[in-house]
Structures are given as C-alpha cells and as structure tokens.
A.B. asks: 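Submitted below is the structure of interest, expressed as structure tokens.
Just the heavy atoms: all of them, side chains too, but no hydrogens, waters or symmetry mates, feed the values below. This chain uses plain numbering: 1 for the first residue, then up along the sequence. Each ligand, and each atom within it, is numbered from 1 in the order the structure gives.
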Amino acid sequence: MLLSMEHLTKVYSGGKTAVDDFNLEVEKGEFICFIGTSGSGKTTTMRMINRMLEQSSGTIKINGEDIAQMNPVKLRRKIGYVIQNVGLMPHMTIQDNITLVPKLLKWPVEKRNERAKEMIKLVELPEEFLDRYPSELSGGQQQRIGVIRALAADQDIILMDEPFGALDPITRESLQDLVKDLQEKSGKTFIFVTHDMDEALSLATRVVIMSYGKQVQVDTPDNILRHPANKFVADLIGQDRLIQARPSITTVGQVATKAISAREDQTLKQALGEMHTKRVDTLLVTNNEGKLTGFVGIERLNHYYGSGKRIGDIMDSNVFYVRKDSVIRDTVDRILKRGFRNVPVIDDDGKLIGIVTRATLVDIVYDALWGEADKSSSNDSGQAKETKDTTDKETGKPQAEVTQTTEDGDQK
Ligand code: ADP
Ligand code: MG
C-alpha cells in the first residue's frame with residue numbers, strides 16, 4: 001500500500017471538525033479524485049497528507065511509514081503539492097519554473113537541466129522555450145508548463161487542489177487530457193481535488209465523495225454511476241450521466257465509423273475529387289504514417305485551387321479528436337456540448353481510425369434514457385434527437401468543427 005490514512009480527524013482550534021474519521025488506502029498508480037461541496041474537508045485532508053497541517057487524530061502512512069515520524073525533506077521528496085491554479089512565476093524562465101521544486105529539493109544543476117529538457121518534450125514544446133519567460137508563451141502553453149512543473153520533481157504522490165478551477169471548460173478539458181496522459185505514462189499516484197463531477201469521473205480511478213468532513217462514498221467512477229450511495233451522490237452525478245445504463249458499448253472505438261480523409265501530400269485536385277465522390281464537404285488529413293494532422297474544408301480547397309499547393313500546406317491543424325479507448329460516457333458530453341457533427345477517432349499512435357458521428361451518440365444517449373424497448377418507434381426516436389440537438393446548440397459553441405455533411409461547410 002503506497003498511502004494509507006486511518007481514522008484521520010481534524011478539529012480546528014475554534015472547535016470546527018473539518019475532517020471526521022477519514023479512511024483511505026491508495027495503491028501506487030491510482031488517480032484519486034476528491035469531490036464534495038465547499039467546506040467538506042477536501043483541502044484540509046490534502047494538507048494533512050503532506051503535513052502542512054497536523055491531524056488531531058489518526059495516522060497517515062507512506063509505504064507503511066508514519067509520516068509524522070518522517071523528516072520533512074524526505075516527505076517532500078515523496079509528495080508534491082499543487083495549489084488552486086497553475087500560474088507560473090512571471091519573473092522566472094520556463095526552465096526555472098519547471099525546476100522550482102527540484103531546486104528546493106537541492107537536485108544538482110545538471111540533473112535539473114536534464115529534467116527540464118525531458119519534461120518540456122513531454123508536452124511537445126521546443127527546448128528553446130526553456131530560456132523564455134512565461135509572458136512569451138501563449139496562455140495554453142503556459143498552462144501545459146504548469147502541469148509538467150507538478151511532475152518535475154519526480155515525487156511518488158502528486159496532490160493537486162482544484163488546479164483547473166479557474167479555467168474555462170475547453171482549456172480545462174485539454175489540461176485534463178494532458179494530466180491523465182502524463183499520469184498514466186509516469187505511473188505516479190495522484191490525489192486531485194475538484195468540484196466538477198465531469199472532471200472527477202473522467203480522471204479518477206476512484207472517487208472519494210465528501211460531505212461535512214465525512215466520506216459519503218469511495219468507489220470507481222463506474223460503481224458510483226451505477227450504485228450511488230444516496231441521494232446526495234445521485235444529485236451530484238446528475239441525470240445526464242444515465243448513459244451508463246447501456247453497459248455493452250463503452251468505448252468510442254466501438255462506435256466509430258469510417259472516416260473520409262486525404263493525405264497531406266495529395267494535390268487539391270485529388271482531394272476535391274474525393275470530396276465529390278464521397279459527397280462530403282470536409283476531409284480529415286493524415287500524414288504518410290496515417291496520423292491525423294488536420295482537416296480541410298471545401299471552401300478552403302476552392303480558394304487555393306490551382307495554386308500548386310498540397311493539402312498539407314492549406315489544412316487547418318487545429319483539429320479536435322478523441323482516442324479510441326475513451327469511454328463514451330466521458331466524451332459524449334463534450335462532443336454534444338460543442339456541437340460537433342463528427343469527431344475523428346485516433347488510436348494510441350495518433351493514427352486516424354474513424355469518426356464518431358453526433359447521430360450515433362445521440363442514439364446511445366436516447367437508449368440510455370428510454371431503454372431498448374422503445375427503439376422500434378422511429379418517430380419517438382427522431383423527436384428525442386431533435387430535443388437534444390436544440391439544447392446542445394444553446395450550451396455549446398463549436399471550436400474547429402469537422403463536418404462531413406453538406407449543411408454548413410464553412411470551416412474557416
Ligand atoms: P474544502 O476544501 O472541501 O472546501 P476545507 O478543508 O477548506 O474544505 O474546510 C473544511 C471546513 O473547515 C470548512 O468548514 C472550513 O470553514 C473549515 N476550516 C478550514 N480552514 C480552517 C481554519 N484554518 N480554521 C478553522 N476552520 C477552518
Ligand atoms: Mg478546498
């Protein structure tokens with residue numbers, strides 16, 4: 001057992017019981033999300049784990065060793081802490097920002113420099129950026145640096161307290177993907193506080209639901225969705241996640257259909273021909289290895305027609321995609337909310353393997369809500385789709401939408 005908390009209680013000096021008999025055992029490589037109402041004791045628990053706060057009673061052990069007996073430097077080598085936001089220090093270079101904690105932990109300078117290079121590669125930014133200042137990077141790049149900074153000191157356990165709380169939903173989703181990806185690759189153990197159920201369900205291997213200092217439910221996202229412990233949990237989950245009711249289809253890859261695509265090195269003429277035969281107004285673009293690199297719409301093709309350019313020169317590389325192993329439950333919301341009609345699906349190597357269509361997703365949601373029994377009545381089904389469509393248009397704006405129909409082809 002990597003981390004264990006037994007009968008942990010915190011009573012603040014004024015007499016407030018912030019955490020009340022908290023128990024949790026965490027294995028290496030787990031991603032634990034704490035979620036609960038404000039004031040339920042999430043931050044207090046996190047702060048006890050790295051001894052920023054002392055518990056009133058109970059025990060915390062790392063690899064069986066009581067942290068109360070551990071020397072603080074040793075403890076900090078094992079546990080990293082990221083507070084509320086991912087802001088970088090503006091007067092420090094990217095390199096110094098990334099290696100802030102390694103420096104505090106007195107890593108030798110060569111090892112720190114090496115680590116900075118290694119980390120910046122993980123987020124696919126050029127090494128030259130290490131010498132720049134945060135203001136010279138885009139907002140999105142800065143946030144990615146903020147995420148790798150949390151991993152830079154190579155600690156076994158990373159505590160993150162609402163790191164994305166202040167960000168807009170789209171930025172937050174892309175950073176969630178990054179965190180999840182890095183966590184899986186690094187095998188580190190994360191304890192992550194959020195007030196966003198979507199975030200908890202998509203990131204966590206187990207979710208700890210808190211209310212008034214107590215654990216209400218501790219379980220995998222799946223079990224929480226299937227068997228919410230009480231009304232509090234059910235309300236926290238919300239009705240829209242009933243999609244879980246259809247267990248047979250779980251991953252995006254299972255519902256993907258064939259994508260219409262072109263290669264970067266193809267001519268515009270070839271691409272237009274393909275569009276014409278397949279009756280689509282947008283093509284996904286892949287490189288020679290079949291990796292998804294962008295998309296191109298008919299307007300743009302027409303605009304550059306005869307210029308001698310290739311698809312790769314004119315495509316838009318800002319393309320939204322999902323991975324084939326993504327759980328539908330986690331992606332359906334963000335796809336529908338953004339109003340995408342189709343979303344490309346890629347495999348672990350980034351290769352394009354198909355698309356999921358909005359219609360497919362709406363069908364699945366429909367099944368989950370109304371069951372298989374009603375499916376024969378196509379009228380009802382059509383109505384449900386209509387309703388769903390309208391709602392989504394209100395809540396979400398498409399970003400770089402990939403349409404493969406002839407309705408609104410303007411991709412910009
Ligand atoms: P959360 O992170 O879940 O919002 P906290 O752990 O910050 O909750 O707080 C839990 C409870 O403890 C709240 O009621 C809060 O008001 C109280 N609390 C937090 N810090 C202190 C403190 N330093 N002194 C007294 N009460 C505190
Ligand atoms: Mg808090």
Side-chain angles (χ1 to χ4, degrees), residues 3-26 30-62 67-68 72 75-76 79-87 143 146-147 149-150 155 157-169 171-172 175-176 179 183 189-219 221 224 228-238:
L3 172 68
S4 79
M5 287 164 263
E6 292 159 31
H7 304 299
L8 208 52
T9 295
K10 176 69 188 178
V11 184
Y12 281 109
S13 48
K16 168 87 199 171
T17 303
V19 176
D20 191 359
D21 194 20
F22 184 98
N23 295 278
L24 187 67
E25 305 226 298
V26 182
E30 278 203 88
F31 200 121
I32 304 285
C33 280
F34 285 12
I35 186 165
T37 41
S38 171
S40 57
K42 305 179 297 289
T43 296
T44 303
T45 308
M46 297 281 267
R47 289 175 164 242
M48 289 191 284
I49 297 174
N50 77 341
R51 255 174 66 184
M52 287 163 81
L53 274 177
E54 200 188 335
Q55 66 265 35
S56 308
S57 61
T59 320
I60 303 173
K61 290 178 186 161
I62 293 182
I67 66 163
L75 184 67
R76 272 169 210 136
I79 303 185
Y81 187 66
V82 181
I83 2 166
Q84 304 283 338
N85 62 67
V86 286
Q143 275 141 2
V147 171
R149 181 178 60 178
Q155 292 138 313
I157 302 172
I158 317 283
L159 309 175
M160 292 185 146
D161 196 346
E162 304 204 22
F164 310 141
L167 303 173
D168 68 273
T171 309
R172 201 158 71 200
L175 292 179
Q176 285 164 7
V179 163
Q183 187 262 339
T189 307
F190 274 58
I191 305 196
F192 188 107
V193 174
T194 177
H195 57 255
D196 175 352
M197 194 50 136
D198 282 319
E199 189 161 270
L201 292 173
S202 70
L203 289 176
T205 53
R206 279 192 301 156
V207 180
V208 176
I209 298 178
M210 308 268 302
S211 173
Y212 296 104
K214 288 200 161 67
Q215 292 159 291
V216 182
Q217 189 167 9
V218 180
D219 217 328
I224 283 178
N230 56 25
K231 186 164 183 312
F232 175 75
V233 177
D235 288 346
L236 214 54
I237 295 168

A.B. asks: Can you tell me if Thr9 uses its side chain to pair, donor with acceptor, with the backbone of Asp21 under 3.5 Å?
C.D. replies: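 Confirmed, Thr9 side chain pairs with Asp21 backbone.
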A.B. asks: Which residue supplies the protein heavy atom nearest to atom 5 (P) of ligand 1, what is that atom called, and how far is it?
C.D. replies: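 Going by distance alone, atom 5 (P) of ligand 1 is nearest to Thr44 OG1, 3.6 Å.
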A.B. asks: Could you tell me which non-hydrogen atom of Ala200 sits nearest to which non-hydrogen atom of Ile35, and how far apart they are?
C.D. replies: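 Closest heavy-atom pair between Ala200 and Ile35: CB-CD1, 4.2 Å.
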A.B. asks: What's the shortest heavy-atom distance between Pro221 and Thr205, and which atoms?
C.D. replies: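 That closest heavy-atom pairing would be CD-O, 3.3 Å.
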A.B. asks: Can you sort out which atoms of ligand 1 are near Thr43, meaning under 4.0 Å from one of its heavy atoms?
C.D. replies: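 Numbered from 1, ligand 1 contributes 1 (P), 2 (O), 6 (O), 7 (O).
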A.B. asks: Please list, in number order, the atoms of ligand 1 under 4.0 Å from a heavy atom of Ser38.
C.D. replies: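 Listed by number with element: 4 (O).
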A.B. asks: Can you tell me which residue and heavy atom of the protein come closest to atom 18 (N) of ligand 1, and the distance to 0.1 Å?
C.D. replies: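 Answer for atom 18 (N) of ligand 1: Tyr12 CE1, 3.3 Å.
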A.B. asks: What protein heavy atom sits nearest atom 1 (P) of ligand 1, and how far off is it?
C.D. replies: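 Scanning the protein heavy atoms, the shortest distance from atom 1 (P) of ligand 1 goes to Gly39 N, 3.5 Å.
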A.B. asks: How far does CE of Met210 sit from CZ of Phe22, to the nearest 0.5 angstrom?
C.D. replies: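 That separation rounds to 5.5 Å.
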A.B. asks: With a cut-off of 4.0 Å, which atoms of ligand 1 are near a heavy atom of Ser40?
C.D. replies: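 Matching atoms, with element in brackets: 1 (P), 3 (O), 8 (O).
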A.B. asks: Would a 4.0 Å cut-off, counted as strictly less than, catch a protein heavy atom around atom 15 (C) of ligand 1?
C.D. replies: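 Flag for atom 15 (C) of ligand 1 set to false, no protein heavy atom closer than 4.0 Å.
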A.B. asks: Tyr212 and Phe232: aromatic ring centres closer than 6.0 Å?
C.D. replies: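 Centroid separation for Tyr212 and Phe232: 6.0 Å or greater.
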A.B. asks: Give yes or no for whether the N/O distance cutoff of 3.5 Å, strictly under, is met between Ala18 and ligand 1.
C.D. replies: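 Not met; the criterion fails.
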A.B. asks: CD/Glu162 to OG/Ser38 distance, rounded to the nearest 0.5 angstrom?
C.D. replies: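 That separation rounds to 8.0 Å.
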A.B. asks: Should Gly36 be listed as contacting ligand 1, given a heavy-atom distance under 4.0 Å as the test?
C.D. replies: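 It does not, in that no heavy atom of Gly36 comes within the 4.0 Å cut-off of ligand 1.
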A.B. asks: Taking all non-hydrogen atoms of both residues, which atom of Asp196 and which atom of Arg172 are closest, and how far apart?
C.D. replies: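 Between these two residues, the closest heavy atoms are OD2-NH2, 2.8 Å.
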A.B. asks: To the nearest 0.5 Å, tell me how far Thr59 OG1 sits from Glu6 CD.
C.D. replies: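 Here the interatomic distance stands at 5.5 Å.
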A.B. asks: Could you tell me whether any N, O or S atom belonging to Thr43 is less than 2.8 Å from the Mg ion (ligand 2)?
C.D. replies: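 Of the N, O and S atoms in Thr43, at least one lies under 2.8 Å from the Mg ion (ligand 2), which means yes.
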A.B. asks: Under 4.0 Å from ligand 1, counting heavy atoms only, is it the side chain of Lys16, its backbone, both or neither?
C.D. replies: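 Looking at Lys16 and ligand 1, just side chain atoms fall under 4.0 Å.
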